[in-house]
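Below is one structure, written out as structure tokens, with a few remarks after it.
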Amino acid sequence: MSLTRNGLYVLASVLIVCLMLAFAPAALADAKVLERWSQTKSYKDKEGAELDVRVTYYSAEYIEALVKEEAEKNLWTADETEQFKYQLLSGLSLDEYIPLNIEFDNRGPTMHLAPFDRFVTLWAGKKKFAPVEYDKRFNFGFQGKRDGLVYFPRYDEKGRSNLEGVKSVRLDMQGSMSSVTMNLTTVDFIFDVARDNPEALYKGKAAARLELDRLIKRMDKLNAERKKLEEQLAELNAEIGTVEQRMEELQRQ
């Protein structure tokens, strides 16, 4: 059977539409995931100044959806996708911290947030946490857009997860951070983390590289501890030698 040129165009158009319909549900699902873990709040004062604040919580679900979206958008190979995932997870340090990304779009008076860790607090149940680390650019006054990562401790001093048994976390930002939000005590962002499972991310080539990185760091730490112990042992042996020598001298008298 032969087809005219117009017939081929029609057939191609039908195939494209079918493919779009086939992938549409998955694309919409990924978009919903990204929106669920990335929240935006907007504020405006009487003088017309505006402030948008967007906070992203890096759940396992969000990261998987983000990696998939970037891979499809850039037509990456499997290896390129794994490389992106590796770099993303390395920067987030999920094995140590609870990272959140904060974005400001300040269309009003200059915001002064130094030191920034006094303006943000993370609540996990009844537990309150200050940032362990954050993007130091937040300490400089700014107008327009600024964004960066803020890290909170994932584990307590005994090695227990700060999210164990926690259903949701709340990021509080002081209303005094901007003249636009000055009338608010805090600007809050709440995320449901009950079903989040960061361990699910650690599979495949990216996970193997991350585990190797952790093992290398662990080995460096162990070697440093061994060197310190060896130095202490050498000092003890030297002291023991001195004591034994003196004992022998006394016994000969």
Completion exercise
Here the pair of heavy atoms bringing Tyr151 nearest to Leu92 is CE2-O, 3.4 Å
Problem - Any side-chain donor near an acceptor of the partner, Tyr134 and Asn139, under 3.5 Å - result: yes
Handout entry: Beyond-backbone contact of Asp147 with Phe104, side-chain heavy atoms, under 4.5 angstrom
Key = no
Exercise for the section: Please assess Arg146 against Glu103 for the test salt bridge (charged side-chain N to carboxylate O under 4.0 Å, His left out), listing each intermediate value before the final yes or no. Expected result: CA-CA 6 Å; Arg146 182 152 298 178; Glu103 304 174 52; over 6 Å; no
Handout entry: With sequence neighbours excluded, residues passing side chain to side chain donor-acceptor pair (under 3.5 Å) with Glu50
Key = Arg107
Exercise for the section: State, with a plain yes or no, whether a side-chain heavy atom of Val193 is found less than 4.5 Å away from one of Trp37. Expected result: yes
Problem - 4.5 Å side-chain heavy-atom contact, Thr56 and Ile102 - result: no
Exercise for the section: May I ask you to list the residues sharing a hydrophobic cluster with Met247, side-chain cutoff 4.5 Å, ordered by chain and number? Expected result: Val243
Practice task
Give the minimum heavy-atom separation between Pro109 and Ala49, together with the two atoms involved.
Solution key: CD-CB, 3.8 Å
Problem - Test side chain to side chain contact (heavy atoms under 4.5 Å, CB included) applied to Tyr58 and Leu89, Asn101, Asp196, Leu201, the passing residue - result: Asn101
Fill in the blank from the handout: One should read off an interatomic distance between Leu163 CG and Ser168 OG, to the nearest 0.5 angstrom, of 10.5 Å
Problem - Path from Val166 to Tyr155 over hydrophobic side-chain contacts below 4.5 Å - result: no
Fill in the blank from the handout: Sequence neighbours excluded, the answer for salt bridge (charged side-chain N to carboxylate O under 4.0 Å, His left out) partners of Arg252 is none
Practice task
Output all residues satisfying salt bridge (charged side-chain N to carboxylate O under 4.0 Å, His left out) with Arg246, sequence neighbours left out; order by chain, then residue number.
Solution key: Glu249
Exercise for the section: May I ask you to check whether Asp79 and Thr77 show a side-chain donor-acceptor distance below 3.5 Å? Expected result: no
Practice task
Would you please indicate if the ring centroids of Phe189 and Tyr57 are separated by under 6.0 Å?
Solution key: no
Handout entry: Salt-bridge criterion met for Arg195 and Glu61 (N-O under 4.0 Å)
Key = no
Problem - Note, Thr40 side chain near Val53 side chain (heavy atom, < 4.5 Å) - result: no
Exercise for the section: Write down the atom of Pro153, the atom of Val132, and the distance for their closest heavy-atom approach. Expected result: CD-CG2, 3.4 Å
Handout entry: Check: Thr242 side chain, Ala238 main-chain N or O, donor-acceptor pair, under 3.5 Å
Key = yes
Practice task
For the residue pair Thr81 and Trp76, confirm or rule out a side-chain donor-acceptor distance under 3.5 Å.
Solution key: no
Fill in the blank from the handout: With sequence neighbours left out, the residues meeting salt bridge (charged side-chain N to carboxylate O under 4.0 Å, His left out) with Glu133 are Lys136
Problem - Leu94 side chain near Ile63 side chain, heavy-atom distance below 4.5 Å - result: yes
Handout entry: Close side-chain approach of Leu34 to Leu66, heavy-atom, < 4.5 Å
Key = yes
Problem - Of all pairs that satisfy salt bridge (charged side-chain N to carboxylate O under 4.0 Å, His left out), the ones with a partner from residues 149-160, not counting sequence neighbours - result: Asp156-Arg160
Exercise for the section: Answer yes or no: does atom NZ of Lys41 have more than 12 heavy-atom neighbours from other residues, nucleotides or ligands under 6.0 Å? Expected result: yes
Problem - Reported OH-to-CG distance for the pair Tyr43 and Asn183, which is rounded to 0.5 angstrom - result: 9.5 Å
For residues 113-131, run the donor-acceptor check on the side chains, cut-off 3.5 Å, and write out each pair with its distance to 0.1 Å, sequence neighbours left out.
residue : atom : partner : partner atom : Å
Trp123  : NE1  : Asp172  : OD2          : 3.1
Lys127  : NZ   : Asn162  : O            : 2.9

Handout entry: salt bridge (charged side-chain N to carboxylate O under 4.0 Å, His left out) pairs, two or more places apart, involving residues 85-102
Key = Glu64-Lys85
Handout entry: Partner set under side-chain contact (heavy atoms from CB on, under 4.5 Å) for Gln87, not counting sequence neighbours
Key = Gln83
Problem - Inter- and intrachain pairs under salt bridge (charged side-chain N to carboxylate O under 4.0 Å, His left out), touching residues 220-236, at least two apart - result: none
Practice task
Could I get the full list of salt bridge (charged side-chain N to carboxylate O under 4.0 Å, His left out) partners for Asp135, not counting sequence neighbours?
Solution key: Arg137
Exercise for the section: Check whether any side-chain heavy atom of Phe191 lies under 4.5 Å from a side-chain heavy atom of Gln39, and answer yes or no. Expected result: yes
Problem - Approximate separation, where rounding is to 0.5 Å, of Met173 CE and Leu184 CG - result: 12.0 Å
Exercise for the section: Answer yes or no: is there a donor N or O on one side and an acceptor on the other, between the side chain of Ser59 and the main chain of Tyr62, under 3.5 Å? Expected result: yes
Practice task
For Gln143 and Met111, indicate whether the former's side chain and the latter's backbone hold a donor-acceptor pair under 3.5 Å.
Solution key: no
Practice task
Using side chain to side chain donor-acceptor pair (under 3.5 Å) as the criterion, list what pairs up with Asn197, not counting sequence neighbours.
Solution key: none
Handout entry: Any Leu51 side-chain heavy atom under 4.5 Å of Thr181 side chain
Key = yes
Fill in the blank from the handout: To the nearest 0.5 Å, atom NE2 of His112 lies from atom OG1 of Thr110 at 5.0 Å
Exercise for the section: Say whether Ser42 and Asp52, considering side chains only, have a donor N or O and an acceptor N or O under 3.5 Å apart. Expected result: yes
Practice task
Output the distance between atom CG (Leu149) and atom OG (Ser93), rounded to the nearest 0.5 Å.
Solution key: 9.5 Å
Fill in the blank from the handout: d(Ser176 OG, Met182 CE) to nearest 0.5 Å is 6.0 Å
Practice task
Examine distances only and state if a side-chain atom of Ser178 and a backbone atom of Val180 form a donor-acceptor pair shorter than 3.5 Å.
Solution key: yes
